[in-house]
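Down below is the structure, laid out as structure tokens.
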Amino acid sequence: MSDITTIFLTRHGQTEWNILKKFQGHNDSALTELGIKQAKWLGEALRDEKIDLIYSSSSLRTLRTAELLAEGRDIPIEACDELMELNLGVWEGLNQEEAKNSDPLQFSNFWNDPNSFKVQKSETFQEVSTRAVNKLQQIITENSGKSILLVTHTVVVKLIMAYFEKRELKDLWNPPYIHPTCLCKIEISQDRHSIILHGDITHYKEEAVES
């Protein structure tokens, strides 16, 4: 058995609400035609990689992405609430402009001071980091020497990579941009880890658009 545990980490494909710049959080919208293509492109890029199992956020957009990534391969997919996106409470379903108008201070905090972000019925970034990183550590412990793919959301990808980078929360939104189905890869050996990829989109077959 390998002494290296490999974590592949990706975001779901583009969704209908991504195009409309709507905050999704625990709400959901369907993958677009491009979102389906993005998942298939990444699936093709990972075709020759050993993947033992997939852990997906339990949101439909991530589960659909996971199914497309695993197409034609016998890889078990486990749905996890811990990998769901930041619950955005009263902002869910609002577009960026509507959220900004409803609470300019919290809109600024979301992008510039994540530590201070909180709207009615939302989670904090720290709460999401705690649940996602705890789940990540459990996955690593239970699957030593295996290759695991996590399918999740922008904020969770950012927070998990911040954990590996020791990046402070105030710097969370610094590059790289987390495009739909962009790929991160981390290799873990004992108490050491190496970040091999971060936000990689070389599998894209059409030009990336922000969404």
Side-chain angles (χ1 to χ4, degrees), residues 7-29 31 35 38 55-66 79-96 98-100 103 105-137 139 149-184 186 195 197-201 208 210-211:
I7 297 289
F8 292 101
L9 176 65
T10 191
R11 177 190 170 198
H12 58 80
Q14 183 197 67
T15 70
E16 292 170 357
W17 279 16
N18 289 153
I19 293 175
L20 299 172
K21 304 292 183 190
K22 283 188 175 185
F23 284 108
Q24 293 183 109
H26 284 201
N27 259 297
D28 229 328
S29 68
L31 297 186
Q38 290 166 335
Y55 287 87
S56 170
S57 152
S58 47
S59 293
L60 294 178
R61 62 190 182 276
T62 38
L63 285 169
R64 179 66 182 133
T65 301
C80 304
D81 291 345
E82 297 92 337
L83 296 178
M84 288 179 77
E85 183 57 291
L86 170 73
N87 185 332
L88 284 159
V90 295
W91 275 14
E92 296 198 0
L94 299 185
N95 65 34
Q96 297 242 356
E98 289 167 338
K100 185 177 182 180
D103 195 331
L105 173 61
Q106 290 307 328
F107 187 82
S108 176
N109 284 343
F110 184 89
W111 295 111
N112 303 306
D113 185 13
N115 253 323
S116 301
F117 173 77
K118 185 78 171 79
V119 295
Q120 188 180 357
K121 298 182 180 177
S122 80
E123 290 179 285
T124 65
F125 279 80
Q126 188 56 58
E127 285 169 339
V128 179
S129 178
T130 298
R131 67 166 158 84
V133 170
N134 284 349
K135 184 63 179 178
L136 170 73
Q137 290 170 334
I139 289 168
L149 172 61
L150 309 184
V151 186
T152 182
H153 307 266
T154 303
V155 170
V156 178
V157 171
K158 278 288 190 186
L159 290 167
I160 287 176
M161 293 309 294
Y163 163 74
F164 282 119
E165 293 177 302
K166 295 184 167 36
R167 182 190 292 216
E168 292 185 37
L169 204 49
K170 67 182 178 65
D171 300 321
L172 188 72
W173 293 113
N174 289 358
Y177 186 86
I178 302 302
H179 289 281
T181 76
C182 70
L183 186 64
C184 305
I186 306 98
I195 296 171
L197 296 172
H198 191 174
D200 182 76
I201 53 170
E210 288 197 11
S211 56

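Sequential numbering from 1 along the given sequence is applied to the chain's residues. Side chains included, hydrogens not; waters and symmetry mates left out as well; all remaining heavy atoms used.
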Report yes if some heavy atom in the side chain of [X] is under 4.5 Å from a heavy atom in the side chain of [Y]; otherwise report no.
X    : Y    : value
E82  : N134 : no
Q106 : W91  : yes
F117 : L88  : yes
L159 : L169 : yes
F164 : L136 : yes

Does atom NZ of K118 have more than 12 heavy-atom neighbours, drawn from other residues, nucleotides or ligands, at distances under 6.0 Å?
->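 Atom NZ in K118 is packed in, count exceeds 12.
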
Matching residue for D28 among R64, R61, H12 - test: side-chain hydrogen bond (donor to acceptor under 3.5 Å, both in side chains) = R61

So, does [X] use its side chain to make a donor-acceptor pair with the main chain of [Y] at under 3.5 Å?
X    : Y    : value
T152 : L83  : yes
T130 : Q126 : yes
E92  : H26  : yes
T65  : G13  : yes
W173 : K158 : no
S59  : T62  : no

Kindly indicate, with the supporting measurements, whether the criterion side-chain hydrogen bond (donor to acceptor under 3.5 Å, both in side chains) is fulfilled by Q24 and N27.
-> CA-CA 5 Å; Q24 293 183 109; N27 259 297; over 6 Å; no

